[in-house]
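Both backbone and side-chain heavy atoms feed into the values below; hydrogens, waters and symmetry mates do not. We count residues from 1, following the sequence as given.
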Amino acid sequence: MADPKGFLTTGRAVADARPVGERVKDWNEVYVPGSLLPIISKQAGRCMDCGIPFCHNGCPLGNLIPEWNDYAYREDWTAASERLHATNNFPEFTGRLCPAPCESACVLGINQPAVTIKNVEVSIIDKAWDSGDVTPQPPERLSGKTVAVIGSGPAGLAAAQQLTRAGHTVAVYERADRIGGLLRYGIPEFKMEKSHINRRIEQMRAEGTKFRTETEIGKDIDAAKLRRRYDAVVIAAGATVSRDLPVPGRELNGVHFAMEYLPLANKVQEGDLTVSPITAEGKHVVVIGGGDTGADCVGTAHRQGALSVTQLEIMPRPGEDRNANQPWPTFPMLYKVTSAHEEGGERVYSVSTTHFEGDEDGNVQALHLVEVEFKDGRLEQKPGTERRIPAQLVTLAMGFTGTDQSNGLVQQFGLELDERGNVARDADYATNVGGVFVAGDAGRGQSLIVWAIAEGRSAARGVDRFLTGASALPAPIRPTDRALTV
């Protein structure tokens, strides 16, 4: 146990954010660099080393949280990093991007603010990189087996690293021009600077993983030919089909999916573009969707110089405390103020868009909405609540509906889909096609980064066992496992 009295004597403290007026003028991460290290040891000491650590249950990776909290409290950063990497290939990603279901399941959270597990995690890995504790781990011998991984998001990268370290020759195929998937082009720079991805890719290259960018399986390479070329294939292509909003005026210029808008802003930061072709500068911006992707659009619009930003959500505003039907240790739906929301804008709940209004040139100029409420399990409009708000840029951030089938990948492999339109798989993550496996959102549906990494690690075990007859690789979750809910 770290500090036996830590949870009694030390209150919860989190990282300091840079002033809003400063951070909206650049694209750097919003938190003050180095602000965690002076406080993080005491924060780690708040961990109670519970007899049954429910944080393990909240985290699909099975992170050894009490163990690395203890090492962080004692400032044994090398041991903390080793324990952290024992279950998580990329803790600098989850430490910045995961909504931390482990904290929702923290036993201390029953009657006090939970341990800042996420902040401890990111402090450990940042310290490990600075200290040189993160090094390539190439395999001692090669198996002679080859594996293709389709997609370079967190699931694909985790599967690729695990299989490379097991001795297989792995090539990762990515249709974009850079490795990283949604980590690269869906997450704004102010949430995670892309240098964190770049150094992981260099580590993986040093271990032996090969990367093939600007190569879309199904279009550039026939999927059946790819299968014949490799001993096994892992599909980690994500659930990239955006949910649309089929209302009048959807075709107007200026109405875009979030994943049309966000990647262009990231390409500006990569130096590929001087100015984004889709910019919020000088415009009234409306973001439809109240989740994390919507918040990313909000923060991006602030930095591009929007006149105003309004975020719409069809559901009622969540409460700030757990509802009775979402008891500990489940992951509750709570009102969340992200760094982007701190920077300004208006959030409107319980509203539905009825139509868009355009000018004579076909450009969106306004959005019409109406208040809604649930009655007998049905969503109904409230008469007399219609109103119009200005909008010269609208982003649709309403989630994703499944794996892209327009490129022919599903058809060319001959993959079976489940009832929700995801690629079907068995207990070993194997599809109906021999030697073809699926991991991440392509098989699970839209989910969290921590689930994607857990799936990548678990699918790697299935592939390794298929190739060699046995496997010592860990498999933290089953394909049927789901988040802890009521």
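Using a 4.5 Å cut-off on side-chain heavy atoms (C-beta onward), W129 and H196 make no contact. For the pair L37/D126, no side-chain contact is recorded, criterion being any heavy-atom separation below 4.5 Å from C-beta on. With a 4.5 Å cut-off on side-chain heavy atoms, F257 and T395 do not count as touching. By the 4.5 Å heavy-atom criterion applied to side chains, Y429 and E455 are counted as neighbours. Side-chain contact between V351 and E313: absent, with no pair of heavy atoms (C-beta onward) separated by less than 4.5 Å. Side-chain atoms of V450 and C59, non-hydrogen and from C-beta on, do get closer than 4.5 Å to each other. No side-chain heavy atom of Y173 sits less than 4.5 Å from a side-chain heavy atom of T213. The closest side-chain heavy-atom distance from V134 to Q203 is below 4.5 Å.
Remark: the H85 side chain and the S81 side chain contain an N/O donor-acceptor pair separated by less than 3.5 Å. In summary, the side chains of N407 and E216 do present a donor paired with an acceptor at a separation below 3.5 Å, with no hydrogens or angles considered. Side-chain atoms of E189 and N266 form no donor-acceptor pair, as typed in the model, at a separation below 3.5 Å. No side-chain N or O of Q137 forms a donor-acceptor pair with one of Q161 less than 3.5 Å apart. Side-chain contact of N63 with H56: a donor-acceptor pair under 3.5 Å is absent, judged by distance alone. Residues E121 and T94 bring a donor and an acceptor atom of their side chains to less than 3.5 Å of each other. One side chain, T164 or T209, offers a donor N or O that lies under 3.5 Å from an acceptor on the other. Defined by atom type and a distance below 3.5 Å, a donor-acceptor pair is present between the side-chain atoms of H168 and S143.
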Would you please test K194 and R184 for side-chain contact (heavy atoms from CB on, under 4.5 Å) and show each step?
-> CA-CA 7 Å; K194 301 307 174 275; R184 174 74 64 178; 3.5 Å; yes

Can you check salt bridge (charged side-chain N to carboxylate O under 4.0 Å, His left out) on R165 and E207, steps first, answer last?
-> CA-CA 7 Å; R165 291 176 174 178; E207 292 170 348; 2.8 Å; yes

Could you give me the CA-CA distance, side-chain angles and deciding distance for D292 and K191, then say whether salt bridge (charged side-chain N to carboxylate O under 4.0 Å, His left out) is met?
-> CA-CA 11 Å; D292 288 339; K191 282 183 67 175; 5.2 Å; no

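Evaluation of the ring-ring contact (aromatic ring centres under 6.0 Å, His included) test over residues 456-479, restricted to residues two or more places apart or in two chains, returns F437-F466. Among residues at least two apart or in separate chains, there is no side-chain hydrogen bond (donor to acceptor under 3.5 Å, both in side chains) pair with a member in residues 414-424.
A donor-acceptor pair is defined here as one N or O able to donate and one able to accept, closer than 3.5 Å; no such pair exists between the side chain of E174 and the backbone of R212. Between the side chain of R303 and the main chain of G299, a donor-acceptor pair closer than 3.5 Å is present. Checking side-chain atoms of T401 against main-chain N and O of V241 turns up a donor-acceptor pair under 3.5 Å. With Q412 contributing its side chain and G218 its backbone, the two residues share a donor-acceptor pair below 3.5 Å.
Remark: L252 CG to F356 CZ distance equals 8.0 Å, nearest 0.5 Å. Here the OG1 atom belonging to T403 is positioned 9.5 Å from the CG atom belonging to L415, to the nearest 0.5 angstrom. Remark: R478 CZ to D426 CG distance equals 13.5 Å, nearest 0.5 Å. Taken to the nearest 0.5 Å, the CH2 atom of W77 stands 7.0 Å off from the CD1 atom of I40. To the nearest 0.5 angstrom, L163 atom CG is 8.5 Å from S471 atom OG.
Salt-bridge formation is detected for the pair R205/E202: a Lys NZ or Arg NE/NH1/NH2 atom is positioned less than 4.0 Å from an Asp or Glu carboxylate oxygen. E29 has no carboxylate O lying under 4.0 Å from a charged side-chain N of R18, or vice versa, which leaves the two without a salt bridge. Ion pair E270/R178 flagged as a salt bridge, since at least one NZ, NE, NH1 or NH2 atom sits closer than 4.0 Å to an Asp/Glu carboxylate oxygen. A salt bridge does not link E193 to R96: none of the charged side-chain nitrogens sits closer than 4.0 Å to a carboxylate oxygen. Under 4.0 Å is where a charged nitrogen must lie from a carboxylate oxygen, and between R444 and D481 no such pair does. Note on R23 versus E342: salt bridge recorded, some NZ/NE/NH1/NH2 to OD/OE distance being below 4.0 Å. D404 has a carboxylate O that lies under 4.0 Å from a charged side-chain N of R175, or vice versa, which qualifies the two as a salt bridge.
Looking at every heavy atom in both residues, A306 comes nearest to V285 through CB-CG2, 3.8 Å. Heavy atoms only, all atoms of each residue included: A232 and V463 are closest at CB-CG1, 3.9 Å. Looking at every heavy atom in both residues, Y261 comes nearest to Q304 through OH-OE1, 2.7 Å.
Judged by the 6.0 Å and 45° rule, R243 forms no cation-pi pair with F400.
Checked against side-chain contact (heavy atoms from CB on, under 4.5 Å), P476 has the following partners two or more places apart in sequence or in another chain: A454, R457, S458.
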